[in-house]
Amino acid sequence: GRQVHEVQSYMGRLETSDKESVHLVENEIQARIDNIFSNLERLEILSSKEPPNKRQSAKLRVDQLKYDVQHLQTALRNFQHRRYLREQQERQREELLARTFTTNDSDTTIPIDETLQFNESLQSAHRGMDELIGSGTSILAGLRDQRVTLKGTHKKILDVANMLGLSNTVMRLIEKRAFQDKFLMLGGMAVTCLIMFLVVQYLT
């Protein structure tokens, strides 16, 4: 129990230790924890040899000490992990601040962060997709206008044909051609939409 309290007092020094001495304090704590674990193994053996009426209480005492020491071991490892992360962040910050401009044949080269380059590439791709979608929208609008025009032209032709008294055969030919033109237009719209979809899928 006394050794556990000593380790707990050493643990309190970790937060106040400077960078140069914190490693020494950690090593001292780890050595004391290892020593306690070694003593607990001997205590377990001794408690098993106690009289039956004292054996249970002795075992509970050893188990409680073991739990306390394991808790201290976990606390030490957590502190070491936090210290490692903190030192790593400090090194990265110092490297960033120490980064300077480099000159090469009177040209200044500025190191650019890879993440910034990646973001710029994504923005360029998005702008390209926006332009492509805009062009596709214009094409579809043009095809719709052509469809309206074709429908108007078809109606005018039928009106003129009726006025001229053209035969039914000629009327059917005109309607067949208008029907074919309609499918050609719809096919063109479908192909344009498919191309736009494939390009967007490829860019994303």
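It should be emphasised that the depicted structure is a prediction, and the values quoted were computed from it without experimental measurement. Keep in mind that the numbers below use all heavy atoms, side chains included, and drop hydrogens, waters and symmetry copies.
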### Message
I'd like to know if the side chain of Ser47 and the backbone of Leu43 have a donor-acceptor N/O pair within less than 3.5 Å.
### Response
yes

### Message
Given the ring of Phe79, does Arg82 sit roughly above its face, with NZ or CZ under 6.0 Å from the centre of the six-membered ring and within 45° of the axis?
### Response
no

#### Entry: side-chain contact (heavy atoms from CB on, under 4.5 Å) between Leu76 and Gln73, intermediate numbers included
CA-CA 5 Å; Leu76 176 61; Gln73 179 72 79; 4.1 Å; yes

### Nearest heavy atoms of Ile33 and Val69, plus distance in Å
CG2-CG1, 3.8 Å

### Query
CZ of Arg86 to NE2 of His81: how many Å apart, nearest 0.5 Å?
11.5 Å

### Task
Would you kindly confirm whether Leu186 and Leu194 end up in one hydrophobic cluster when ILVMFWY residues are joined by side chain heavy atoms under 4.5 Å apart?
no

### Query
Considering residues at least two apart in sequence or located in another chain, which fulfil the side-chain hydrogen bond (donor to acceptor under 3.5 Å, both in side chains) criterion with Asp18?
Ser21

### Message
So which atom in Ser17 and which in Val25 form the shortest heavy-atom distance, rounded to 0.1 Å?
### Response
OG-CG2, 3.6 Å

### Message
When you compare the side chain of His23 with that of Arg83, does any pair of heavy atoms fall below 4.5 Å?
### Response
yes

### Query
Is it true that atom CZ of Phe37 has more than 12 heavy atoms of other residues, nucleotides or ligands lying nearer than 6.0 Å?
yes

### Query
Taking atom CD of Gln180 and atom CZ of Arg177, what is their separation to the nearest 0.5 Å?
7.0 Å

### Query
Are Glu95 and Arg91 ion-paired here, with the side-chain N under 4.0 Å from a carboxylate O?
no

### Message
Can you list everything that forms a side-chain hydrogen bond (donor to acceptor under 3.5 Å, both in side chains) with Asn39? Sequence neighbours excluded, please.
### Response
Gln3, Arg42

### Message
Restricting to non-hydrogen atoms, name the atom on Val4 and the atom on Asp68 that form the minimum distance, rounded to 0.1 Å.
### Response
CG1-CB, 4.2 Å

### Task
Please say which of Val191, Thr192, Leu198 ends up in a side-chain contact (heavy atoms from CB on, under 4.5 Å) with Ile195.
Val191

### Message
Just verifying a value: how many Å separate Leu40 CG and Gln70 CD, rounded to the nearest 0.5 Å?
### Response
9.0 Å

#### Entry: Student check: side-chain heavy atoms of Ile36 and Leu72 closer than 4.5 Å
no

### Query
Should Glu44 and Lys59 count as side-chain neighbours, where that means a heavy-atom distance under 4.5 Å?
no

#### Entry: Shortest non-hydrogen separation from Ile45 to Ser48 and the atoms involved
O-OG, 2.5 Å

### Heavy-atom side-chain contact between Tyr84 and Gln80 under 4.5 Å
no

